[in-house]
Amino acid sequence: MSTNQDEHKETTDQLVLQNPVTRYESLEAPKQHQPEPGLDKDLEPKTDRGQYSYRGTGRLEGRKALITGADSGLGAAVAIAYAREGADVALNYLPAEQEDAEWVRDAVADTGRKVVLLPGDLAEREAAVELVDQAAEALGGLDILVNNAGRQIAIEDGLEALTDEQLEDVYNVNVFSFFRVTRAALKYLPAGSSIINCTSIQAYKPSPTLLDYASTKAAINNFSKGLAEQLAPKGIRVNAVAPGPFWTPLQVSDGQPKEKLPKFGQDVGLGRAGQPTEIAPAFVFLASAESSYVVGETLNVNGGMPTP
Ligand code: NAD
Ligand code: MG
């Protein structure tokens, strides 16, 4: 594991009683900017994706998961947690994110689980089908699908400044790829499988700078509930996770107006942004057989922001 990502070495084990206000420091991020896609390797300060704090307890033993956007941020935390819970994982990401993806693979090398790296651009229609076929072949099947990839580009000058290109690109990745990847995965998913879609607090509380992004997240919530009804009779559960403010590369690659970065996440009940590993247990719960009666739910993980 590369040493420049070692900041959270002293972080308390996830299963030890601790005060959630102080589990992590409230971050004061320096002003920074990265081109899209942002990389965890260049993010300041570094995050806890569970590399030191996530301890598996066998909840996904023998499972086979495909995770999109799995190289960094929340997807990386989910990948680390899944592997430590005993699952083999296939990780999708953009080719430019190879280094981050290799970092995730190295972080779980000691689990002995299979980690398959599958770079590919989900904005391309055919990529979705290819990705799913490659994942199923490499893992010898598929019983967890996590649609997590997403783009978020803040526009500070109003709706007039939102280009058709951005509107279509964001919908293509955030919404259409979820439909396409899921549709391609159905033929592999046996009864007992779980599909988990990453939505957002933005689905209910849209920021004025994020109209396109926020509306994709509302669409994902709706898609998740409808698909959950469609697939429940087949024994496939569909649920969603709605993160609040988490410190990830998405935020520094135009996901937020730059002046908002230093205080990012401080307006939630806990007074601080989330660290990616703090979302992982929600994705583990919804993937695991223990949540067998949880269907069409959106689990909010947002540090204390009321949701409908
Ligand atoms: P992130 O940048 O680490 O992850 C987003 C990932 O999306 C990238 O790593 C990239 O691999 C993937 N992606 C983007 N365009 C792609 C494309 N064309 N093809 C394939 N993959 C592509 O940031 P994150 O914050 O961990 O984001 C993960 C998910 O969480 C996103 O859906 C995001 O909307 C959602 N979310 C994040 C927050 C937050 O505060 N960080 C809050 C609510 C929701
Ligand atoms: Mg990334």
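Just follow the structure's listing: the first ligand is 1, and inside any ligand the first atom is 1. Residue indices begin at 1 and follow the sequence shown.
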*Examine the proximity of ligand 1 to Gln202 and report which part, side chain or backbone, both or neither, has a heavy atom under 4.0 Å away.*
neither
*asked:* For the residue pair Asp133 / Tyr188, report whether a side-chain donor-acceptor contact shorter than 3.5 Å exists.
replied: yes
_Assess, by modelled atom type and distance only, whether the side chains of Arg180 and Asn172 contain a donor and an acceptor separated by less than 3.5 Å._
yes
_Atom pair CG/CD of Leu261 and Glu44 - distance to nearest 0.5 Å_ = 13.0 Å
*For atom 14 (C) of ligand 1, the option (of Gly150, Gly69, Pro37) bearing the nearest heavy atom*: Gly150
*Do Tyr171 and Ser215 get their side chains close enough for a donor-acceptor pair, meaning under 3.5 Å?*
yes
*Would you kindly say whether Glu130 and Gln134 are connected by a side-chain donor-acceptor distance under 3.5 Å?*
no
_Proximal candidate to atom 38 (C) of ligand 1 [heavy atom criterion; set Gly244, Ala203, Ser200, Ala77]_ = Gly244
*Of the backbone atoms (N, CA, C, O) and the side-chain heavy atoms from C-beta on, which set of Gln152 has a member under 4.0 Å from an atom of ligand 1: side chain, backbone, both, or neither?*
neither
*Give, for atom CG of Asp100 and atom OH of Tyr93, the distance between the pair rounded to the nearest 0.5 Å.*
10.0 Å
*Can you check whether Asp71 has an N/O within less than 3.5 Å of an N/O in ligand 1?*
yes
*Just go through Pro245, Ser253, Ala149 and tell me whose heavy atom is the nearest to atom 21 (N) of ligand 1.*
Ala149
*For atom 33 (C) of ligand 1, what is the nearest protein heavy atom, given as residue, atom name and distance?*
Tyr213 OH, 3.5 Å
*Does any donor atom in the side chain of Ser288 or Arg59 lie under 3.5 Å from an acceptor atom in the other side chain?*
no
*Enumerate the protein N/O/S atoms at a distance below 2.8 Å from the Mg ion (ligand 2), ignoring waters.*
Asp71 OD2, Ser72 OG, Glu97 OE2
*For atom 4 (O) of ligand 1, which candidate among Ser72, Gly38, Ser177 provides the closest heavy atom?*
Ser72
*Check whether the side chains of Ser224 and Asn197 place a donor and an acceptor atom closer than 3.5 Å, and report yes or no.*
yes
*Can the positive tip of Arg272 be found less than 6.0 Å from the middle of the six-membered ring of Trp247, inside 45° of the ring normal?*
no
_Do the side chains of Lys258 and Asp254 get close enough for a salt bridge, i.e. N-O under 4.0 angstrom?_
yes
*Considering only protein heavy atoms, which is closest to atom 19 (N) of ligand 1, and at what distance to one decimal place?*
Leu122 N, 2.8 Å
